[in-house]
Amino acid sequence: MSILVTGGTGVLGRQVVRALPDARVLTRSGDGYRGDLLTGAGLEDALAGVTAVVHCATTLGRKDVDATAALIAAAKRSGNPHLVYISIVGVDRIPLPYYRAKLAAERLVEDSGLPYSILRATQFHDLIAKIFAPQRLILFHPAFAFQPVDTGTVATRLADLATGSAQGRVSDLGGPTVWTSRALAGQYLAATGRKAVRVPVWLPGRIFASYRAGYHLAPAHAEGTVEFADFLAGDPRHP
């Protein structure tokens, strides 16, 4: 079995490569298999002989659709490998522009004719930390909950999918606990030894309302054992 990982140098991709140490890594420069998802250059060479692709690469915007389309086109010319795509819980219910792009990419995968598996996960611990990191004396936090998940947990699931048969859309994957943003902010302050006033933020509109409704959560699929506080403390279970 030969597996290609796109986005293998990213936050999640690095953990997927750890879970699949013999996998090829698609890169636009540096070590790995050279290829450009936006132009399609080099993709067929990178895909030669590949039996599965774990597609973690993201542009964080509309170009995700173009990149996924280019990958699919090259894959169909290179032996129809099993395509494993990582998406986000709530992409079909939260009208965030990036989520719309992820949903459009999902539909491309579903309609591609390739054997595929799609996994939707909740927000990563890394993202929650990034929300809080730039703030100082006042720590603003959104007035809704998160269910942060460790990237190592997500990577293990993706590796399992890549080494198995195509399953279509699989069960969502969420972190072990649904926390209020205020609680997560408190954990961040405790871990960093900082002091700040925690202030909730409420915004109008459908996007914020969708988050308040919990469309980005997956409490029925709480998995993993690494909590946000564990991640902040450098828990060895987080690679």
Side-chain angles (χ1 to χ4, degrees), residues 1-88 98 101-102 105-106 108-109 112 114-127 129-130 148-164 166-167 170 173 224 226 231 236-239:
M1 176 173 287
S2 178
I3 299 174
L4 176 70
V5 179
T6 74
T9 59
V11 171
L12 175 61
R14 288 195 301 270
Q15 309 307 334
V16 174
V17 173
R18 283 177 180 264
L20 296 168
D22 295 326
R24 303 178 183 181
V25 178
L26 183 71
T27 178
R28 284 187 294 177
S29 60
D31 296 334
Y33 285 75
R34 295 292 185 89
D36 190 319
L37 286 167
L38 294 179
T39 66
L43 294 185
E44 289 185 44
D45 288 341
L47 285 160
V50 163
T51 55
V53 180
V54 183
H55 186 26
C56 298
T58 179
T59 65
L60 299 177
R62 182 65 191 175
K63 289 182 179 180
D64 272 16
V65 181
D66 297 332
T68 302
L71 179 64
I72 288 170
K76 293 177 76 170
R77 295 191 296 267
S78 303
N80 291 330
H82 175 195
L83 180 55
V84 180
Y85 184 64
I86 179 64
S87 190
I88 308 167
Y98 177 48
K102 294 292 285 186
E106 277 191 19
L108 284 179
V109 172
S112 67
L114 296 171
Y116 72 88
S117 300
I118 295 174
L119 172 66
R120 292 180 182 176
T122 56
Q123 282 69 37
F124 301 156
H125 293 319
D126 309 69
L127 175 63
K130 285 181 179 179
V149 66
D150 188 65
T151 52
T153 300
V154 180
T156 297
R157 174 68 67 80
L158 291 172
D160 289 344
L161 290 171
T163 54
Q167 298 185 42
V170 301
L173 175 59
V226 181
F231 163 77
R237 292 170 296 176
H238 175 81

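It should be emphasised that the depicted structure is a prediction, and the values quoted were computed from it without experimental measurement.
Interatomic distance, T151 OG1 to F231 CZ, rounded to the nearest 0.5 Å: 7.0 Å. Atom-to-atom distance recorded for R34:CZ and L26:CG is 10.5 Å, nearest 0.5 angstrom. Separation of atoms OG1 (T58) and CD1 (I88) is listed at 7.5 Å; rounding is to 0.5 Å. Once rounded to the nearest 0.5 Å, the distance linking NE2 of H125 with OG1 of T153 reads 7.0 Å.
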Stepwise side chain to side chain contact (heavy atoms under 4.5 Å, CB included) test for I86 and V16: CA-CA 11 Å; I86 179 64; V16 174; over 6 Å; no
Give the C-alpha distance, both sets of side-chain angles, the deciding distance and a yes or no for side chain to side chain contact (heavy atoms under 4.5 Å, CB included) between T59 and L37. CA-CA 10 Å; T59 65; L37 286 167; over 6 Å; no
Would you check, one step at a time, whether the test side chain to side chain contact (heavy atoms under 4.5 Å, CB included) holds for Q15 with T156? CA-CA 8 Å; Q15 309 307 334; T156 297; over 6 Å; no
Evaluation steps, side chain to side chain contact (heavy atoms under 4.5 Å, CB included), between L60 and Y98: CA-CA 6 Å; L60 299 177; Y98 177 48; 3.9 Å; yes
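Each of L83, V65, D66 was checked for a side-chain contact (heavy atoms from CB on, under 4.5 Å) with L108, and the lone residue meeting it is V65.
When all heavy atoms of Y85 and A105 are compared, the pair lying nearest together is OH-CB, 3.3 Å. Annotation for P81 and A75: closest pair CD-O, 3.4 Å, computed over non-hydrogen atoms. Residues L43 and A74 share a closest heavy-atom pair of CB-CB, 3.6 Å. Heavy atoms only, all atoms of each residue included: I3 and A162 are closest at CD1-CB, 4.0 Å.
Residues satisfying the side-chain contact (heavy atoms from CB on, under 4.5 Å) test with T9, not counting sequence neighbours, are none.
For the pair T163 and L20, the minimum side-chain heavy-atom distance is below 4.5 Å. Proximity of K102 to D64: side-chain heavy atoms (C-beta onward) are separated by under 4.5 Å at one or more points. Put simply, the side chain of L158 reaches to within 4.5 Å of the side chain of C56, judged on heavy atoms. A 4.5 Å side-chain heavy-atom check between L119 and V154 finds at least one atom pair inside the cut-off.
Formation of a donor-acceptor pair under 3.5 Å by the K76 side chain with backbone atoms of S112 is found in this model.
Using modelled atom types and a 3.5 Å distance limit, the side chains of S117 and H82 yield a donor-acceptor pair.
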Identify all side-chain donor-acceptor contacts of residues 47-55 below 3.5 Å with residues at least two apart in sequence or on another chain.
residue: T51; atom: OG1; partner: S2; partner atom: N; Å: 3.1
residue: T51; atom: OG1; partner: S2; partner atom: O; Å: 2.9
residue: H55; atom: ND1; partner: T6; partner atom: OG1; Å: 2.7
residue: H55; atom: NE2; partner: T68; partner atom: OG1; Å: 3.1

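More than 12 non-hydrogen atoms from other residues, nucleotides or ligands lie less than 6.0 angstrom from CZ of F124.
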